[in-house]
Amino acid sequence: MQNTAETGPDAPIDVTPLLDDPYAAYAALREAGPVHRITGADGSPAWLVTRYDDVRSALADPRLSLDRRHAGPGGYRGFALPPALDANLLNMDPPDHTRVRRLVVKAFTAGRVETLRAPVRRVADELLDAMAERGRADLIADYAGPLPITVICDLLGIPQRDRRDFLAWSDALITPDPSRPEGMKQAIGAMLEFYTGLIAAKRAEPGDDLLSDLIAVRDDAPAADGSDRLTEDELTSLAFLILFAGYENTVHLIGNAVLALLDHPDLLRQLQQNPAELPTAVEEFLRYDGPGPLAIRRFPTQDVEIGGVRIPAGESVLLSIASANRDPARFPAPDALDRGRDLSGHLAMGHGIHYCLGAPLARMEAVTALEALLGRFPELRLDVPRGELRHRRTLRSRGLISLPVAWETASEQVFEA
């Protein structure tokens with residue numbers, strides 16, 4: 001791979017290695033230079049930032065806007081969503097970002113999340129009960145996927161009957177089927193119709209859930225300065241973001257963590273014997289193989305210099321969280337899984353004002369899911385050759401398509417005894 005400073009903006013690097021073997025590819029990019037020209041997922045050019053210090057600084061740089069209105073002509077095309085799903089925190093700068101985040105942050109405080117720990121454990125145990133006597137399962141489809149969708153749907157008050165549809169829509173957005181280009185558009189339309197109908201139903205009959213609380217914030221009389229009010233599009237977009245992001249990131253966090261443990265049986269046994277160490281281990285799983293390789297794209301509001309490379313205003317900037325978290329200048333021996341290392345400052349959940357709103361919930365879900373799984377199946381093992389596992393081929397997330405695992409059932413243990 002070549003440095004942009006040498007190749008120029010008309011010669012973006014090939015991103016295929018980032019899909020096939022991302023950590024080796026990022027290591028090569030870091031060595032070659034701090035900033036590179038690539039072709040983004042939407043086919044438009046972008047600047048990829050790879051080194052820890054540059055990524056961390058850029059994450060908190062107010063000159064790098066999330067608002068697509070700052071994108072230059074002929075550049076970023078992006079993920080097309082209707083306004084009612086697009087007015088969310090991933091596309092906002094202050095002061096709108098500050099206002100909207102303040103209205104929803106109370107739902108994700110450490111204290112509020114702690115009240116959800118027992119319900120999350122109950123869901124985890126129910127899923128494991130359903131799997132136990134089979135002796136094998138796809139851990140993504142049977143456990144890592146259903147757990148967060150159940151938790152987020154319960155938090156928002158989404159009826160049980162609608163959850164299977166949501167999973168299908170999410171898959172259509174996360175991994176579009178190239179043979180069905182209309183599939184993504186249909187999923188977006190179905191999601192918009194679903195959220196619009198759900199909000200109408202909650203308005204008519206509020207429940208004890210986060211979505212009903214957000215509707216009350218939207219509908220109640222605002223303060224004189226409008227600081228406690230959501231627009232209707234912001235309300236719908238918040239529901240979409242909480243459900244979509246809360247599902248996708250946690251699925252991949254749990255799946256990647258379990259695979260890391262299966263690749264490191266000594267650590268697996270240590271955590272089975274000492275589950276109180278799981279919170280620290282989860283921080284290392286986040287650094288080592290986190291669910292979000294890239295931060296949300298940003299657009300300079302003026303010409304900026306990153307790593308000695310000048311980036312013009314309006315061009316797309318991609319900050320590589322995955323590369324920064326494997327930068328040896330910040331994390332010695334970064335390709336080793338080491339829960340004893342100094343994990344302060346890892347960037348898996350972001351940095352600055354856009355730090356992940358749902359981070360406390362994702363961490364709690366991962367710790368609870370792993371504790372329940374490791375306690376239930378002490379002989380957990382991979383059920384296919386390691387080389388057969390496949391990750392989703394996308395730059396926007398890092399997750400397994402499936403994770404076949406196996407264990408001894410109770411009846412097998414009795415028979416052996």
Side-chain angles (χ1 to χ4, degrees), residues 15-28 127-128 131-132 134-148 171 174-175 248-273 275 277-278 281-293 320-323 325-326 328 331 333-341 348 366-367 369-409 412:
V15 299
T16 302
L18 296 176
L19 300 173
D20 294 338
D21 190 2
Y23 295 112
Y26 281 127
L127 292 169
L128 295 173
M131 294 160 46
R134 296 187 346 231
R136 54 183 31 85
D138 174 0
L139 205 70
I140 303 299
D142 296 329
Y143 189 62
L147 179 62
D171 285 341
I174 296 169
T175 52
E248 181 185 16
N249 290 332
T250 309
V251 171
H252 298 332
L253 171 55
I254 295 170
N256 294 354
V258 173
L259 178 59
L261 287 172
L262 294 173
D263 284 340
H264 298 81
D266 288 345
L267 178 57
L268 174 61
R269 286 190 291 272
Q270 291 171 19
L271 293 176
Q272 284 172 331
Q273 296 166 4
E277 297 177 4
L278 274 167
V282 164
E283 296 306 308
E284 174 64 345
F285 298 142
L286 281 164
R287 182 208 66 84
Y288 178 76
D289 196 16
S320 178
I321 303 297
S323 180
N325 281 340
R326 294 279 189 114
F331 299 104
D335 296 328
L337 185 66
D338 178 8
R339 64 188 174 88
R341 72 168 71 248
V367 169
L370 292 171
E371 182 177 16
L373 177 69
L374 300 185
R376 181 67 66 93
F377 303 136
E379 301 301 325
L380 189 71
R381 64 185 184 276
L382 197 59
D383 200 31
V384 295
R386 179 64 170 80
E388 292 184 9
L389 295 178
R390 294 291 179 267
H391 288 82
R392 296 180 182 273
R393 287 184 62 79
T394 172
L395 292 178
R396 66 177 299 273
S397 63
R398 169 75 174 169
L400 292 156
I401 296 172
S402 65
L403 181 56
V405 294
W407 59 88
E408 280 192 356
T409 65
E412 288 172 336

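Side chains are part of it too, since the values below use all heavy atoms of this structure and drop only hydrogens, waters and symmetry mates.
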Approximate separation, where rounding is to 0.5 Å, of [X] [atom1] and [Y] [atom2]:
{"X": "Leu261", "Y": "Leu374", "atom1": "CG", "atom2": "CG", "value": "6.0 Å"}
{"X": "Asp335", "Y": "Asp289", "atom1": "CG", "atom2": "CG", "value": "11.0 Å"}
{"X": "Asp138", "Y": "Leu400", "atom1": "CG", "atom2": "CG", "value": "9.0 Å"}
{"X": "Arg386", "Y": "Asp263", "atom1": "CZ", "atom2": "CG", "value": "4.0 Å"}
{"X": "Leu278", "Y": "Glu283", "atom1": "CG", "atom2": "CD", "value": "11.5 Å"}
{"X": "Leu370", "Y": "Leu253", "atom1": "CG", "atom2": "CG", "value": "7.5 Å"}

[X] versus [Y], closest heavy-atom pair with distance:
{"X": "Ala348", "Y": "Asn325", "answer": "N-ND2, 3.4 Å"}
{"X": "Ala369", "Y": "Tyr143", "answer": "O-OH, 2.8 Å"}
{"X": "Ala144", "Y": "Gly255", "answer": "CB-N, 4.3 Å"}
{"X": "Ala132", "Y": "Thr409", "answer": "O-CG2, 3.6 Å"}
{"X": "Asp383", "Y": "Ala406", "answer": "OD1-CB, 3.6 Å"}

- Message: Main chain of Arg398, side chain of Asn256: is a donor-acceptor contact present, judged purely on distance under 3.5 Å?
- Response: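 Looks like yes, one N/O pair under 3.5 Å.
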- Gly387 backbone acceptor or donor facing Arg390 side chain under 3.5 Å: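 Pair found, side chain donor or acceptor close to backbone of Gly387.
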- Message: Out of the candidates Ile401, Asp20, Leu18, only one should pair with Arg393 under the side chain to side chain contact (heavy atoms under 4.5 Å, CB included) rule; please name it.
- Response: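 Going through the options one by one, the only one that passes is Asp20.
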Would you say the side chain of [Y] lies within less than 4.5 Å of the side chain of [X], judging by non-hydrogen atoms?
{"X": "Leu389", "Y": "Pro404", "result": "yes"}
{"X": "Arg136", "Y": "Met131", "result": "no"}
{"X": "Pro291", "Y": "Ser397", "result": "no"}
{"X": "Leu259", "Y": "Leu139", "result": "no"}
{"X": "Gln272", "Y": "Leu268", "result": "yes"}

- Can you list the residues that meet the salt bridge (charged side-chain N to carboxylate O under 4.0 Å, His left out) rule with Glu284, with sequence neighbours excluded?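 Here the qualifying residues are Arg287, Arg341.
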- Message: Does the structure place the NZ or CZ of Arg326 under 6.0 Å from the centre of the six-membered ring of Tyr288, at an angle of no more than 45° from the ring's axis?
- Response: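 Yes, cation above the ring, under 6.0 Å and within 45°.
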- Task: In plain terms, say whether Arg396 and Glu248 are close enough for a salt bridge, that is, a side-chain N and a carboxylate O under 4.0 Å apart.
- Result: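 Counted as a salt bridge, because a side-chain N and a carboxylate O are separated by less than 4.0 Å.
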- Task: Could you give me the CA-CA distance, side-chain angles and deciding distance for Asp142 and Arg134, then say whether side chain to side chain contact (heavy atoms under 4.5 Å, CB included) is met?
- Result: CA-CA 12 Å; Asp142 296 329; Arg134 296 187 346 231; 2.8 Å; yes
- Evaluate the side chain to side chain contact (heavy atoms under 4.5 Å, CB included) criterion for residues Phe377 and Leu128: first the C-alpha distance (whole Å), next the side-chain angles of each, then the deciding distance (0.1 Å), finally the verdict. CA-CA 9 Å; Phe377 303 136; Leu128 295 173; 3.8 Å; yes
- Task: Carefully, step by step, assess Glu371 and Arg376 under the rule salt bridge (Lys or Arg N to Asp or Glu O under 4.0 Å).
- Result: CA-CA 8 Å; Glu371 182 177 16; Arg376 181 67 66 93; over 6 Å; no
- Evaluate the criterion side chain to side chain contact (heavy atoms under 4.5 Å, CB included) for residue pair Ile254 and Ile140; output intermediate values, then yes/no. CA-CA 8 Å; Ile254 295 170; Ile140 303 299; over 6 Å; no
- Item | Which residues share a ring pair (Phe, Tyr, Trp, His ring centres under 6.0 Å) with Tyr23, sequence neighbours left out |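 Counting only residues at least two positions away or on another chain, Tyr23 forms no ring pair (Phe, Tyr, Trp, His ring centres under 6.0 Å).
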